[in-house]
Amino acid sequence: MKLLLLHGWGGSDWPHWQAWLASEVAKEYGTVSFPLIQHPHYPHLNRWRKEVLRHLEDFRPDTVVCHSLANTLWFHLADRKELTPLKRLFLVAMPSLHTELETISSFYPCPLPESLYAEEVHLIVSDNDPYITVDEAEKIAAHYRIPLTVLPDAGHINAESGYGEWPWILNQVRSQE
């Protein structure tokens with residue numbers, strides 16, 4: 001497995017679960033890349049798009065795990081048909097397709113692409129995420145006919161909501177190898 005982790009707005013540095021997941025995969029001598037996308041606190045779609053496309057071309061992952069705004073970025077890349085198909089894609093804590101926050105406004109509106117460019121896709125949200133409703137997540141999952149996992153009381157599924165060590169996601173990444 002070649003695992004690429006893509007963080008969201010503000011990054012996912014320690015103690016965020018993505019940083020933990022990267023270290024756990026590396027401990028097992030897995031091939032993992034967890035790049036810092038430039039200006040994580042002031043993201044811009046075109047800058048992130050170019051940087052992630054270069055990284056995808058150089059690293060050539062078979063599994064990608066997106067968190068938060070990285071999901072929105074993935075939808076834009078897919079809509080522009082700029083992706084090479086993957087084996088697995090995990091979409092964690094995806095924000096609404098209709099987010100209206102000024103700092104991330106270049107990412108919106110967010111398209112609903114024809115394909116997500118992965119053989120297996122899994123959407124994971126929380127029932128109390130301030131950035132997406134379960135209803136919207138259910139509609140997205142139904143549109144793509146993909147599994148949806150709704151975590152109870154998990155907020156935005158980040159360090160602030162208690163998601164540092166997250167064995168469940170590690171098991172998901174491992175179990176589908």
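The cluster map of Ile, Leu, Val, Met, Phe, Trp and Tyr, joined by side-chain heavy atoms under 4.5 Å apart, puts I37 and L101 in the same cluster. V150 and V92 end up in different hydrophobic clusters when Ile, Leu, Val, Met, Phe, Trp and Tyr side chains are linked at under 4.5 Å. Taking hydrophobic clusters as Ile, Leu, Val, Met, Phe, Trp and Tyr residues chained together by side-chain heavy-atom distances below 4.5 Å, V52 does not share a cluster with Y42. Hydrophobic clustering, with ILVMFWY side chains joined whenever heavy atoms are under 4.5 angstrom apart, groups L89 together with I132. Hydrophobic clustering of Ile, Leu, Val, Met, Phe, Trp and Tyr side chains at less than 4.5 Å, counting indirect connections, unites W20 with L5.
Taken to the nearest 0.5 Å, the CE atom of M94 stands 11.5 Å off from the CG atom of D129. In this structure, OG1 on T72 lies 7.0 Å from CG on L97, to the nearest 0.5 angstrom. The CG atom of D79 lies 9.5 Å from the CD atom of E114; values are rounded to the nearest 0.5 Å. Atom-to-atom distance recorded for S106:OG and L45:CG is 5.0 Å, nearest 0.5 angstrom. Separating the CG atom in L4 from the OG atom in S33 is a distance of 5.5 Å, to the nearest 0.5 Å.
Using modelled atom types, no side-chain atom of E120 and backbone atom of K87 make a donor-acceptor pair closer than 3.5 Å. The closest donor-acceptor contact from the side chain of W9 to the backbone of H41 lies under 3.5 Å. With K2 contributing its side chain and F59 its backbone, the two residues share a donor-acceptor pair below 3.5 Å. Using a distance-only test at 3.5 Å, with no hydrogens or angles considered, a donor-acceptor pair links the side chain of S175 to the main chain of N171.
Here salt bridge (Lys or Arg N to Asp or Glu O under 4.0 Å) pairs that include residues 151-166, with residues two or more places apart or in two chains, number zero. Listed by first and then second residue, the side-chain hydrogen bond (donor to acceptor under 3.5 Å, both in side chains) pairs that reach into residues 133-145 are S96-E136, D135-K139, sequence neighbours excluded.
In this structure, the side chains of H67 and H7 stay at 4.5 Å or more apart for every pair of heavy atoms. Contact annotation: the side chain of F90 never approaches that of L123 to less than 4.5 Å [non-hydrogen atoms, C-beta and beyond]. Residues H122 and I124 have side chains in contact (heavy-atom distance under 4.5 Å, counting atoms from C-beta outward). Side chains of Y117 and L77 form no contact here, defined as non-hydrogen atoms less than 4.5 Å apart. P109 is not listed as a side-chain neighbour of H98, based on a closest heavy-atom distance of 4.5 Å or more. No side-chain heavy atom of V32 sits less than 4.5 Å from a side-chain heavy atom of L21. Between Y108 and I104 there is a side-chain heavy-atom pair separated by less than 4.5 Å.
Between L86 and D62 the shortest heavy-atom distance is CB-O, 3.6 Å. Here the shortest heavy-atom pairing between P61 and V64 reads CG-CG2, 3.9 Å. Here the shortest heavy-atom pairing between Q38 and E51 reads N-OE1, 3.2 Å. Nearest heavy-atom pair, A154 versus S161, reported as atom, atom and distance to 0.1 Å: O-OG, 2.9 Å. Nearest heavy-atom pair, D127 versus V134, reported as atom, atom and distance to 0.1 Å: CA-CG2, 3.6 Å. For I157 against W17, the heavy-atom pair with the smallest separation is O-NE1, 2.8 Å.
Note on ring orientation: taking the six-membered ring where Trp is involved, the planes of W166 and W168 are parallel (angle under 30°, cut-offs 30° and 60°).
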Side chain to side chain donor-acceptor pair (under 3.5 Å) between H156 and S126, intermediate numbers included: CA-CA 7 Å; H156 194 50; S126 168; over 6 Å; no
Full working for side-chain contact (heavy atoms from CB on, under 4.5 Å) between L151 and V125: CA-CA 6 Å; L151 304 174; V125 299; over 6 Å; no
Verdict with reasoning, Y163 to N158, per side-chain contact (heavy atoms from CB on, under 4.5 Å): CA-CA 5 Å; Y163 283 81; N158 56 17; 5.8 Å; no
Evaluation steps, side-chain contact (heavy atoms from CB on, under 4.5 Å), between E119 and R88: CA-CA 6 Å; E119 292 173 26; R88 299 173 297 152; over 6 Å; no
side-chain contact (heavy atoms from CB on, under 4.5 Å) between L91 and V65, worked out: CA-CA 6 Å; L91 304 169; V65 179; over 6 Å; no
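Between W48 and F107, the distance from one ring center to the other falls under 6.0 angstrom.
Each of H76, R80, R54 was compared with R49 under the side chain to side chain contact (heavy atoms under 4.5 Å, CB included) criterion, and only R80 meets it.
Environment of OH in Y131: sparse, with no more than 12 heavy atoms of neighbouring residues, nucleotides or ligands closer than 6.0 Å.
With sequence neighbours left out, K81 forms a salt bridge (charged side-chain N to carboxylate O under 4.0 Å, His left out) with no residue at all.
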